[in-house]
S.K.: 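Below is a structure I'd like to ask you about.
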Amino acid sequence: MKLFAAKDYEAMSLKAANIVASQITLNPKTVLGLATGSSPVGLYKELIKSCQSGQLDFSKVTSFNLDEYLGLPPENEQSYIRFMKDNLFDHININPDKINIPNGLAKDPHGECAEYDKRIVKCGGIDLQVLGIGHNGHVGFNEPASYFMLDTHVVDLTPSTIQANKRFFESEDEVPKKALTMGIRAIVQAKKIVLVCSGEDKAQILYDALYGKVTPEIPASILQIHPDCYVVADEGALSLIRKNNKI
Ligand code: GLP
């Protein structure tokens, strides 16, 4: 694991975007794993700038998003497909046929999960996975559990995740209670991982995930065993790591 310090959110976003951009430049047919949440929005903004200035070409890129809420139609403002369109896809030259995101309206959500894993395998796996981290250590929507959930699966969101995500909805009642999420296998098998983490409110979980024991109780801790994982964090998120003299 390589840890990169950035002074603030903007610097973190730029550093992470440079890693993603290098990947796409070196391999225009990159299979990109993408995340939602506020952490990667700045990184996406930088990628949009590079694409619009002609420096970066997404036309041959394939993308797989980590997760989607179960039951939210794509036109719902809080659906992750809508989030991705607003924050990235609508502003770059990615081929819409190469965009993959779990279908939150699938009649058979479990079948949809199994099919999603097959699609990832068929594309040769993920070359570079972008990740954020939840306050409880979740990646995608892999919630803390007693074992690592390997496959794409339907998950019951924990009360803390529902609480954290209610800021995007009118009320807590409107936050979906279930989601479809890529499992730990596809994430860990990604050839390269870039985790972005910002803000002091993430300092404890970032410290625990990177320096605590590897445990499914903190799903992001699995990243410790990944051979090519980049963590790009700002000073707020790094505060506890610095305090413990880890960097
Ligand atoms: C959401 C997403 C995750 C994301 C996390 C953190 O629930 N499913 O992929 O990493 O929460 O979000 P944020 O970056 O807004 O803190």
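Start at 1 and go down the list; that is how both ligands and their atoms are numbered.
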S.K.: Please enumerate all residues that pass side-chain contact (heavy atoms from CB on, under 4.5 Å) together with K166, with sequence neighbours excluded.
M.R.: Q163, E172, V175
S.K.: Does a sphere of radius 6.0 Å around CD in E77 hold more than 12 heavy atoms from other residues, nucleotides or ligands, not counting ones at 6.0 Å or beyond?
M.R.: no
S.K.: Take F89 and L34, measure what side chain to side chain contact (heavy atoms under 4.5 Å, CB included) needs, and give me the verdict at the end.
M.R.: CA-CA 11 Å; F89 298 150; L34 296 173; 3.7 Å; yes
S.K.: Distances only, to 0.1 Å: what are the N or O pairs between ligand 1 and the protein that fall under 3.5 Å?
M.R.:
from	atom 1	to	atom 2	distance (Å)
ligand 1	7 (O)	H138	NE2	3.3
ligand 1	7 (O)	N165	ND2	3.2
ligand 1	8 (N)	D67	OD2	2.8
ligand 1	8 (N)	G140	O	3.3
ligand 1	11 (O)	H138	NE2	3.3
ligand 1	14 (O)	S38	N	3.3
ligand 1	14 (O)	S39	N	2.9
ligand 1	14 (O)	S39	OG	2.5
ligand 1	15 (O)	S38	N	2.8
ligand 1	15 (O)	S38	OG	2.6
ligand 1	15 (O)	R167	NH2	3.0
ligand 1	16 (O)	K202	NZ	2.7

S.K.: Which residues pass the salt bridge (charged side-chain N to carboxylate O under 4.0 Å, His left out) test with E115, sequence neighbours left out?
M.R.: R119
S.K.: Would you please name every residue forming a salt bridge (charged side-chain N to carboxylate O under 4.0 Å, His left out) with D57, sequence neighbours left out?
M.R.: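 D57 satisfies salt bridge (charged side-chain N to carboxylate O under 4.0 Å, His left out) with no other residue.
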S.K.: Relative to each other, are the rings of Y69 and F141 parallel, tilted or perpendicular (30° and 60° limits)?
M.R.: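 Judged by the thresholds at 30° and 60°, the geometry between Y69 and F141 is tilted.
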